[in-house]
Structure formats: C-alpha cells, structure tokens
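Since the structure is predicted, the reported quantities are computational estimates derived from the model, not experimental observations.
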Amino acid sequence: MNQRAFLMVTNYGADASGTTDAAPSIQMALNDARDRGGAQVLVPPGVYRVSSTLRIYTNTRLTLMAGAEFRRTHGGTMLLNGDAGQDFGGYTGHSRIVIEGGLWNMQGTVAGMTSSAMCMSIGHATDIVIKDLEIRDVPGYHAIELNSTLHGLIQNCRFRGYLDPDGTRTFSEAIQLDLAKDVSVFGGFGPYDQTPCEDILVTGCHFGKSYTPGTTAWPRGVGSHSATIDRWHRRIRITDNAFEQLLQFGISAYNWEDVTITGNTFNVCGAGVRLRSVIKSDPADTVNAAGVQTNESQVMRNVAVVGNTFREGGGYDNAIIAQGETSGYILNLTIVGNAIDGTSGGQSGIRLNYVSRATVGDNIVANVAGTGISTENQNNTVISGNVVWTAGGHGITMVTSDNSNILNNHVRDPANSGILVQGGSDVQIRNNFVDGANRIASSAYGIRVSTNPVAVAITGNKCRPGASATKAVRGLSVSSGTGVTRYGNDMRGTWSGAGANGVDDLSTSPQTVATDIG
C-alpha cells in the first residue's frame, strides 16, 4: 500500500450533506486507490448517500472519520471486494484491505430497502481488517460475510439492529464465516472452489439491538450455516465480545476446527455457544468438494470454550451445546471455567452429544431450567470440579457413555437426581458431593445408576438429604448393572425411601471393598 497517498472522497465530488448520491464519487476515489497500487481513502464527517454497491480493491485502507455515516439508499450490498466478473480462486482475490470507522447504516426498515441484503461481503481474500465501526439495521442477510478469507480481523465493531423481511431469515448471523460453495451462498463473484475461511479473529465487538422501530437484535452473533465435506473453517478465535438479547446463538460454530472461544459475555440470549458438526440430514451440506453426495457428517476437532459468562439464557437452546453426529463426532473439546447463571424453557447449562475426548471442568452452572451438565453418546470424557446449583432437572447426567469420569463435583439442590448415569460402561463416579436432591418431588436420588451399565466404580462420594421438604429416595441407588464396584461412600441422613436406608444396590454381584455408610 502506498501510505503516502491520502485520497479525500470530497475531493472527488462526494456530497457530505446526505442530499445527493455520493456513491459515484466514493467509487472514483476507490478506483484511484486501485490504480495507484494502493492508498488510504478518507471520508470526512457527514452523511453520504450510497445508492449502489461500492467496490474496494487490493492495498486500500478505507477510513470513515468520526461523525461519518454511509447511508444505504439502494436494495443491495453496501461494499464488496472486487468486481462481479472476476475469477480469482483460493485466497488470490483483492486483499490487504482495511475498513475502519463510521456508521454503516443499512436502513433495513426503509421502503425499497427491506429485502435481504449484506453490508460488507468479502471473498477470496487474505489479510482483511474491519475495525472501529458500527453496522446498523441490516435486513435479512449479514452485516459482514467473510467468505473464503485467510487472516481476517474484526475488532471493536458494533452490530446493532436486524430485520427479518419475510420470516425466512431467522438464522442470520451478524458475522458469517462461509466458503466459496456456490452462487446461492456467495453471490458476489466466483470461482466456487470450496475455499473455506482460516485464521479469523473476532474481538471486542458488541452484538445487540439498535432500538430502531421494527428491528430486533440479531438472531446469531458469529457463525456459519453451510458446509462442504472435506473442508473446514479453521483457526477461529472469538474473544472478549458482548452478545446481548440475541434471539438464538451468540456463537454458532458449524464445521469449525481449532477454535478458541474465550472471555465473552452472553446476556439474555436465546442460547449461548453451539458447536456443531455437519448435519447429516442436510443434503446440501453433505456433498464433498468433488460434488459427490456422501450422506454423512465429518469429525470436528480441537475446540476450547473457556472463561465465558452466560446470564439469563433463553429457551432456544442450551447455554453451551456440543452436538456431533454418529459419523461426525466432536473431538478434543475443552469446556472450562465458564459461569452460567440461568436458562429457561427446560434448557440445560452444558450439553454434550456424540463427543469424544472432552474435559468439562471448573464451571459454575446455576439456576438453569434443565439439567446442569448433560452428556450422552460420548466417550473418554472427564466432568470434574464443577459447581451445579439449583438445576431444574438433574445435576449431572451421563447416558449411554463409555470410558468417562465424573469427579469432584459439587451439586446442590437439583430438582431431580444429583448425578444420573444410565447405561454405558467403564464409568467412574468419584469424590462428588450432592446435597438436597429431589428439590421438586420426583422420586429422585442423590446418585442414581440404572439401565444396565457395565463396570461402574462408585467411590468416595458424599450425599446429604438437604433442607428441602421433598427428600431424595436414597443417597445412592444402583437399580441394575454388572461389574459395579462401590466403596467409601457416605450416604448418611434421613431419606424418603422405605426404611430410610441411604444405599440401595440391585446390581449383579456388586463388589464392596470398604463398607459404605448409609
């Protein structure tokens, strides 16, 4: 970029009063930057009517000064990197672009501009920076789409206000990461060579409402909703953002790998973080890069969800959900140090399904409407050191799961059982404390093992009836199973079961090394 070239759009005739169309003059400045091999295009304070799509090119820095507003007055995209007829594959399109500052007002509620449109659309590019700006009132599509982009940074931006024009865009993301799949996915230009996004950082941004009448907050903050087999979005970092009153997910990581989600806050959102492998039942997403229909998912690996805060979650989905498929497990998952306070609509705090090699540790899960930590169809998982407080369902569940541990957790006053293990094999339940299970009368237990599990070790746990008027049936109940080992558990207290015995083991030939205290 020629840093010595500063091009002021008003010198090209751009009207800063908002009276006449400024797009042709702004485009002249952008074209001049292109022809010079790069330059900084400056937009002074004022209102600039943009009545056609602006095109930005390699080595251009577009800077809207404080008080500058681009006000869209046409039905299409506001800004696109390159021309409709270009054919740059991979990451070889117009690149090394900085877009910064100002208000980008899409005016999605204004007559003639309510049909679905994008604010910024970037494809086949590398080294893209978008920072320090606000995008307001987008109809239907996305505020920013990074498609087939390598090395992208979106920093300190505000995404406020969304309009669903016809009720068909309930899933739109403010920031979408997508791949060059086909013209219906990215309409700006080809080629459609299945290039994904890699090395993307979204940090310090706010996602929420604009309070313009007729708009809502975004359905989703950052995410993807299309995929191709044999391709992944990789090295995605979502850090230190605020998601407020979103209708669905703050983050929807669909077919992403090598992902870090840290330090974000989710306030009164329909759900928090979704980790999702390719949906096997979606025929559009199960086609591979060669165009062959596989009818299968694919694994998704290396994801860390660490140190995030969730408050007053809604009933759309769980606060954190990792959902794999039989042919597309989520592997190498870390969910550690998150604080979850409240969900509604029966949603759980943390939910894992078809996951392998996971750690769920040192989280605080309080006041959720469903189960505190729910796992199913997973293996080689450690659930350790969590505090689960007044869950509306069970405290911790592990269903049809293998080679996994439930260790050193603290469960207080769940509506149902404190810890529930159903089926599976080779599970350890060790050194947990459960107090006040069965808070809502449901014939629940402190720790319950059922549905014929194999080789379950239950050791060193402590359960107490708690202060609730509806006491648990027993502290420890094993209704069935083979190869069950238990010892050193402390189940003292007054329970509601017949004879008030704190331990009931109906497994086949249970092995007791040291007498439990019941």
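Neither side chain, Gln107 nor Thr73, offers a donor N or O lying under 3.5 Å from an acceptor on the other. Side-chain contact of Lys181 with Ser226: a donor-acceptor pair under 3.5 Å is absent, judged by distance alone. When only modelled atom types and interatomic distance are considered, His394 and Thr371 share no side-chain donor-acceptor pair under 3.5 Å. A donor-acceptor contact closer than 3.5 angstrom is absent between the side chains of Ser277 and Glu325. Side chains of Ser356 and Asn379: a donor-acceptor N/O pair is present below 3.5 angstrom, by distance only. Using a 3.5 Å distance cut-off with no hydrogens or angles, the side chains of Asp15 and Ser17 do pair a donor with an acceptor.
The closest side-chain heavy-atom distance from Arg237 to Val202 is not below 4.5 Å. In this structure the side chain of Phe243 reaches within 4.5 angstrom of the side chain of Ile251, judged on heavy atoms.
One finds a salt bridge joining Lys131 and Glu100 here, because a Lys/Arg side-chain nitrogen approaches an Asp/Glu carboxylate oxygen to under 4.0 Å.
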Begin with the C-alpha distance, continue with both residues' side-chain angles, and end with the deciding distance and a verdict on salt bridge (charged side-chain N to carboxylate O under 4.0 Å, His left out) for Glu376 and Arg351.
CA-CA 8 Å; Glu376 186 173 5; Arg351 166 74 172 161; 2.7 Å; yes
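In this structure, Asp341 has no salt bridge (charged side-chain N to carboxylate O under 4.0 Å, His left out) partners at least two apart in sequence or on a different chain. Applying the side chain to side chain donor-acceptor pair (under 3.5 Å) criterion to Arg357, with sequence neighbours excluded, gives Asn332.
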